[in-house]
Amino acid sequence: MSARAIRFHDERPAAATLRDEVLRGLAAQPKRIAPKFFYDERGSRLFDAICELPEYYPTRTEMAILRGCAPEIRQLAGPDCTLIELGSGASRKIRLLLDTLRPRRYLGIDISREFLLESAEQLARDYPWLEVHAACADFSMALDLPDVSGPGYRLVFFPGSTIGNFEPGEALAFLQRIRALLRPQGALLIGVDLKKDAQILHRAYNDSQGVTAAFNLNLLERLRTELHAELDPRGFRHQAFYNARAGRIEMHLVSQRAQEVRVCGQRFRFRAGESIHSENSYKYSVAEFHALARRAALQPVRVWIDPQRLFSVHYLGVAAASPAQLL
Ligand code: AVI
């Protein structure tokens with residue numbers, strides 16, 4: 001069977017979004033830039049390299065869990081579903097599900113256009129029986145799905161614990177939007193990193209090869225190339241630490257000296273040691289995540305955890321929502 005052409009839907013946010021958000025974030029106190037801006041083409045490749053690092057346990061642990069639970073997922077979702085992957089990136093994890101699940105359609109959604117297209121085309125070549133759609137979109141905002149899915153069961157797949165990169169209030173709003181997509185029938189399959197020993201977390205975000213540092217610093221390269229920012233990335237260093245009180249890893253770009261940078265004609269002063277807060281990665285216990293899901297009217301159906309209790313994969317169904325939850 002020869003590969004079918006993929007169907008591409010372009011909902012990419014305009015460049016103005018990057019510019020406006022960066023200018024607003026650098027004017028704020030403390031300075032910050034949202035982690036979604038890590039993922040230009042180089043950033044996506046660096047993230048892919050992070051996933052291969054010995055210290056970065058989430059990817060391989062989640063893949064092992066998925067390998068084990070795929071037959072159960074097939075039983076829960078049934079055949080011929082529409083599989084929608086958020087943040088599809090290199091689409092490696094989805095391959096663990098496709099052969100067992102045999103969905104009718106696949107829709108990959110990612111903010112990084114070239115990376116998305118490349119992986120969707122590869123998927124279409126490798127799975128000629130599958131109808132492949134790709135949509136370039138920012139799924140952290142309101143999600144207008146291209147009309148691809150037809151009447152059947154929708155299984156939304158959100159791996160990698162990307163939910164951890166949302167603030168708790170954003171995570172709840174996001175789960176509520178997903179729930180709205182699942183009507184009348186469907187489920188969310190979501191990977192969530194677990195709370196654990198802080199040393200393991202520290203190593204995962206401070207790897208010995210410096211790939212995570214390059215990933216974090218690439219944000220500054222992006223400001224230089226796309227917004228013509230006048231700044232020297234060597235004037236900043238990568239920092240990542242576990243904030244136990246907030247239950248999150250924080251990543252920062254720390255200014256090495258007092259300096260001024262210019263972005264789109266605006267000047268921003270940095271004190272020595274002052275940082276741009278570039279990412280939070282929240283870690284959840286199973287009970288905390290279940291409570292969050294229930295607040296979004298999603299019903300925990302099944303959770304799979306690896307033997308070392310590093311990572312969890314949740315299957316959440318559509319629960320009857322109370323009027324307050326639908327607001
Ligand atoms: C995509 N996201 C879940 C990763 C995380 O672990 O929060 C991004 C990342 N940042 C540094 N390393 C990986």
Side-chain angles (χ1 to χ4, degrees), residues 32-63 65-66 85-94 108-112 115-116 119 138-140 157-168 170-171 174-175 189-222 236-243 246-254 275-284 289 292 306 310-314:
R32 56 172 180 267
I33 298 181
K36 65 183 176 187
F37 294 118
F38 282 135
Y39 302 93
D40 63 351
E41 201 183 342
R42 179 162 183 264
S44 298
R45 291 194 195 286
L46 282 166
F47 179 63
D48 233 25
I50 288 175
C51 294
E52 303 287 322
L53 292 170
E55 296 97 330
Y56 195 74
Y57 62 85
T59 312
R60 61 172 179 279
T61 310
E62 184 179 40
M63 288 180 77
I65 295 172
L66 288 170
E85 186 183 19
L86 303 177
S88 51
S91 297
R92 207 166 296 136
K93 290 172 190 161
I94 204 76
I109 304 180
D110 204 290
I111 197 167
S112 177
F115 206 57
L116 167 75
S119 17
D138 177 0
F139 57 79
S140 68
F157 180 45
F158 192 38
S161 201
T162 303
I163 188 90
N165 297 133
F166 297 161
E167 293 306 305
E170 293 168 354
F174 174 80
L175 292 177
L189 181 66
I190 182 167
V192 182
D193 199 10
L194 292 171
K195 286 206 160 94
K196 62 182 63 64
D197 182 272
Q199 277 305 315
I200 300 176
L201 289 168
H202 183 86
R203 279 195 294 273
Y205 292 83
N206 291 281
D207 66 274
S208 57
Q209 295 170 54
V211 184
T212 310
F215 172 72
N216 197 7
L217 287 158
N218 183 55
L219 196 51
L220 300 176
E221 292 296 346
R222 204 172 165 196
F236 291 83
R237 70 177 170 81
H238 163 74
Q239 183 190 44
F241 59 89
Y242 186 58
N243 176 339
R248 69 191 190 204
I249 284 278
E250 293 187 15
M251 291 216 310
H252 294 257
L253 290 158
V254 184
S275 75
I276 304 173
H277 189 164
S278 52
E279 187 176 67
N280 284 327
S281 191
Y282 284 85
K283 312 300 168 187
Y284 290 89
F289 194 70
L292 184 68
D306 60 291
L310 295 172
F311 201 90
S312 57
V313 174
H314 296 254

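No hydrogens, no waters, no symmetry mates; every other heavy atom, side chains included, goes into these values. Ligands are counted one by one from 1 in listed order, and the atoms in each one are counted from 1 as well. These numbers were taken from a predicted model, which means no experiment stands behind them.
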Checklist entry - Which atoms of ligand 1 are found less than 4.0 Å from any heavy atom of Y56? => result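 Taking each heavy atom of Y56 in turn, ligand 1 has 4 (C), 5 (C), 6 (O), 12 (N), 13 (C) under 4.0 Å.
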
Worksheet item: Who are the salt bridge (charged side-chain N to carboxylate O under 4.0 Å, His left out) partners of E62, not counting sequence neighbours?
Response: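 Partners of E62 under the salt bridge (charged side-chain N to carboxylate O under 4.0 Å, His left out) test: K93.
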
*T212 N/O to ligand 1 N/O under 3.5 Å*: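 Among all N and O atoms of T212, none is under 3.5 Å from an N or O of ligand 1.
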
If we check side chain to side chain contact (heavy atoms under 4.5 Å, CB included) with I190, which of these qualifies: I163, V313, T162?
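So the option named by the test is I163.
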
Notebook entry, point to check: How far apart are the closest heavy atoms of G87 and D110, and which atoms are they?
Noted result: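 Answer, listing the atom of G87 first, then D110: C-OD2, 3.2 Å.
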
Checklist line | Mode of F38 contact toward ligand 1 - side chain, backbone, both, neither (heavy atoms, under 4.0 Å) | finding: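 Neither part.
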
Using a 4.0 Å heavy-atom threshold (strictly under), name the region of D193 that reaches ligand 1: side chain, backbone, both or neither.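 Neither; no heavy atom under 4.0 Å.
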
*State if Y282 counts as touching ligand 1 under the rule of any non-hydrogen atom under 4.0 Å.*
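So Y282 does not count as touching ligand 1.
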
(message) Checking a contact table here: which protein heavy atom is nearest atom 2 (N) of ligand 1, and how many Å away?
(response)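 Nearest protein contact, heavy atoms only, for atom 2 (N) of ligand 1 is N165 OD1, 2.9 Å.
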
Heavy-atom contacts with S161 under 4.0 Å: which atoms of ligand 1 show up? List them by number with element.
->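 Matching atoms, with element in brackets: 3 (C).
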
- Check the side chains of E167 and Y282 for a donor-acceptor pair under 3.5 angstrom, ignoring hydrogens and angles.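 Yes - a donor-acceptor pair under 3.5 Å links their side chains.
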
Any N/O pair T162/ligand 1 closer than 3.5 Å: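 It does not: no N or O of T162 is found under 3.5 Å from an N or O of ligand 1.
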
Who gets closest to atom 10 (N) of ligand 1 by heavy atom: E279, K283, K36?
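Result: the heavy atom closest to atom 10 (N) of ligand 1 is in E279.
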
message: Which of the numbered atoms in ligand 1 are under 4.0 angstrom from any heavy atom belonging to G160?
response: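 What qualifies from ligand 1 is 3 (C).
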
Exercise. Please say which of H252, H277, H202 ends up in a ring-ring contact (aromatic ring centres under 6.0 Å, His included) with F241.
Key: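 Testing each of H252, H277, H202 against F241, the sole residue satisfying ring-ring contact (aromatic ring centres under 6.0 Å, His included) is H252.
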
| message | If the cut-off is 4.0 Å to any non-hydrogen atom of S281, which atoms of ligand 1 fall inside it? | response |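 So the atoms of ligand 1 that pass are 5 (C), 6 (O), 7 (O).
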
Would one find an N or O of Y39, backbone or side chain, under 3.5 Å from an N or O of ligand 1?
->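 There is no such contact.
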
Practice item. Indicate, with yes or no, if the rings of F158 and F174 have centres closer together than 6.0 Å. Key: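 Aromatic pair counts; centres sit under 6.0 Å.
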
Using a 3.5 Å cut-off and no angle test, enumerate the donor-acceptor pairs between side-chain atoms of residues 208-215 and protein atoms at least two apart in sequence or in another chain.
| residue | atom | partner | partner atom | Å |
| --- | --- | --- | --- | --- |
| S208 | OG | E55 | OE2 | 3.0 |
| T212 | OG1 | D207 | OD1 | 2.5 |

task: Check the side chains of N243 and N280 for a donor-acceptor pair under 3.5 angstrom, ignoring hydrogens and angles.
output: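 There is no such pair between these side chains.
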
